[in-house]
Amino acid sequence: MPNPLYDSLLAPGRHSDRTFLTDIHGKPLSYRDFHRLAARQANALVSAGLVPGDRLAVQVEKTPEALALYAACVMAGIVFLPLNTAYTLTELDYFITDSGARAVVCGPAIEAELKARCSTAVSVFTLDGEGNGTLSELAERQSSDIAVAARTEGDLAALLYTSGTTGRSKGAMLTHANLLSNAKTLAELWHFDADDVLLHALPIFHTHGLFVACNVTLTAQASMIFLPKFDLAAMLRLMPRATVLMGVPTFYTRLLNDERFNRDLVAHMRLFISGSAPLLAETHIEFEARTGHRILERYGMTETNMSVSNPYDGERRAGTVGFPLPDVELKITDLETGASLAPGEPGMIEVRGPNVFQGYWGMPEKTKAELRDNGFFITGDIGRVDEDGYVQIVGRAKDLIISGGLNIYPREIELFLDEQPDVLESAVVGVPHPDFGEAVLAFIVARPGTTPDLAAISQKAMQNLARFKQPRELIQLDELPRNTMGKVQKASLRQSFQDRFL
Ligand code: MCA
Ligand code: AMP
């Protein structure tokens, strides 16, 4: 039975005794054992009643078992829906309800509360930071033989939620073909082969750490050093065993802030890749001066996987994200008219190709607003193409903050703040931060004659918003700066407070 992702990434013939990953303690897991683990999980999910097309929401710590769940979903034809472990129960509720998830795998700490909140039609399993839990117990009782579900290229493989400018997150529908085309293109472009060892310290609930990192590894039959999270000491200790690192800019600034990170430590490394947020040209330059390596910066989105990359062999140009991938078309358009602009002019970046998603789950209108009938996706990023064809990201048309590679939409936080007692209105902006690139700063204006309790609001934010979205500081103003049309001038707030965390 055909199943594009399985056939290309996991099928028999690829189940060798080669190491697929080693954990932080150096314990190896072979390709064969990874397949067995995933097959047992797939059979467990099927035995629990899940059928192809069902969505499985997963909010668990990063472990080999958690990654195997992605492979298990591919095998069983289930749509994988990974979720940031920082999300609160309130946030989780939304994703589970919106996606109509048939089952959830969560950490044991929230099992009881999640069961109480979810309808009885939703099965709840647990998987902890050691790979144990009710899911593993059920999986251990299953066979490791698997009847792989038939899937077509156009069938959904994953649903990844991305926040929106309106404050409501949208589920990006990604097909087998979307994920596979990107995996193959990137593995080839970045010269991955079976001798590569990827130092994997990214979370596996986003495109970067899940699809870019793991699908490329699987494509090349390479291996990974699989760390639960970014940990500077572990990175420095394990770097000598790796050949490639993929990271967000915060990884690179943190490494550079440690003097043990030097030329000798990385002399053997083949490649450093950066993405998810702008890499400052100065970081690129400092990195080269310190290590002799030029970071390869690339650009992508949840909706498009990767679209643009600096070259492997050619010049990796600081401050640019490189060229459109071989199978991706890119154009720069006028923000108002959508007409293509001349080379060099800044405008909306639009991309089209096999990497581009199918639309937002259950939101045809939002899909129509961002995905043109001709297949071009309107990214919301402003860019220009220089005289040599390098794409430069110069800004964002969307009101978005990227903190440590995580996206935060101010609207979601403003909606929360506006509901708090004695708050008349609010504005949330991103300002420069030495570690996270940007940090969240929130401003509120009190209702006349009242004094909002800032500490109580911060406390409430803890329960409602994931930690990374919570304002680093809440500032009360007499009024928000507005232009003559009455529109809040966020640029002016950013300007006035740009040194707040520096
Ligand atoms: C943690 N905190 C954060 C962030 N991460 N706050 C803001 N922004 C963040 N990104 C909070 C913690 O909860 C903690 O709160 C405090 O900040 C300090 O945490 P720390 O221990 O320093 O953080 P960490 O655990 O070391 O994590 C920082 C990190 C991590 C390594 C940068 O956030 C990370 O791995 N980011 C990568 C995200 C990613 O994969 N993005 C790709 C998505 P408290 O002070 O209360 O303890 S975008 C994507 O996939 C597209 C397609 C693409 O192009 O790649
Ligand atoms: P997400 O919605 O989480 O997939 O994040 C995608 C967004 O991250 C893009 O729309 C860009 O704004 C940003 N992004 C990703 N890679 C880069 C990069 N190399 N430089 C600048 N911004 C980036």
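For ligands, and for the atoms within them, numbers begin at 1 and follow the listed sequence. Quick note: residue numbers are just sequence positions, from 1.
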So which heavy atom in the protein is nearest [atom], and how far is it from that ligand atom?
atom	result
atom 16 (N) of ligand 2	S276 N, 3.1 Å
atom 11 (C) of ligand 2	D381 OD2, 3.3 Å
atom 13 (C) of ligand 2	I402 CD1, 3.4 Å
atom 5 (O) of ligand 2	N407 ND2, 2.9 Å
atom 17 (C) of ligand 2	A277 N, 3.7 Å

Parallel, tilted or perpendicular, judged at 30° and 60°: which one describes the rings of [X] and [Y]?
X	Y	result
Y390	F323	tilted
F272	H293	perpendicular
F230	F251	tilted

- [ ] Measure from NZ or CZ of K170 to the centre of the six-membered ring of Y360, then state whether that distance is under 6.0 Å and the direction lies within 45° of the axis.
- [x] yes
So, for [X] and [Y], is the gap between ring centers shorter than 6.0 Å?
X	Y	value
F261	F287	yes
Y87	Y94	no
F205	Y161	no

Task: Sub-3.5 Å N/O-N/O distance, T302 and ligand 1 - done: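 Min N/O separation from ligand 1 is not below 3.5 Å for T302.
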Open item on the list: Does ligand 1 come near enough to T250 that some N or O of the ligand is less than 3.5 Å from an N or O of the residue?
Closed with: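 For ligand 1, there is no N or O atom that lies under 3.5 Å from one belonging to T250.
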Decide, yes or no, whether a salt bridge links [X] with [Y] under the criterion of side-chain N to carboxylate O below 4.0 Å.
X	Y	value
E297	R316	no
R270	D196	yes
R168	E412	no
E370	K398	no

Task: From N355 atom CG to N182 atom CG, the distance as rounded to the nearest 0.5 Å - done: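 Output value for this atom pair is 5.5 Å.
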Numbering as shown, the atoms of ligand 2 that approach [X] to under 4.0 Å (heavy-atom distance):
X	result
T302	1 (P), 2 (O), 3 (O), 4 (O)
M301	4 (O), 6 (C), 9 (C), 10 (O)
E297	18 (C), 19 (N), 20 (N)
R298	16 (N), 18 (C), 19 (N)

Using a strict 4.0 Å cut-off to heavy atoms of [X], name the atoms of ligand 1 that fall inside it.
X	result
F468	3 (C), 4 (C), 6 (N), 7 (C), 8 (N), 9 (C)
T207	50 (O), 52 (C)
H208	42 (C), 50 (O), 55 (O)
F230	31 (C)

Open item on the list: With a 6.0 Å cut-off (strictly less than), is the heavy-atom count around CD of Q463, excluding the residue itself, greater than 12?
Closed with: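 Yes, because the 6.0 Å sphere around CD of Q463 holds more than 12 heavy atoms from other groups.
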Return the option from [options] holding the heavy atom at the smallest distance from [atom].
atom	options	answer
atom 22 (N) of ligand 2	P249, G322, G275, P278	P278
atom 51 (C) of ligand 1	A277, A466, A172, S276	S276
atom 7 (C) of ligand 1	G247, S403, G437	S403
atom 12 (C) of ligand 1	R298, R467, H206	R467
atom 37 (C) of ligand 1	G404, G405, A86	G404
atom 11 (C) of ligand 1	Q470, R472, E303	R472

Open item on the list: Heavy-atom pairs closer than 4.0 Å: do any link ligand 1 to the side chain of R254, the backbone, both, or neither?
Closed with: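 The answer is the side chain.
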Open item on the list: Tell me whether K398 has any N or O atom under 3.5 angstrom from an N or O of ligand 2.
Closed with: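 N/O-N/O distance below 3.5 Å exists for this pair.
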Open item on the list: Would you say E286 and T283 are linked by a side-chain donor-acceptor pair, where the criterion is simply a distance under 3.5 Å?
Closed with: no
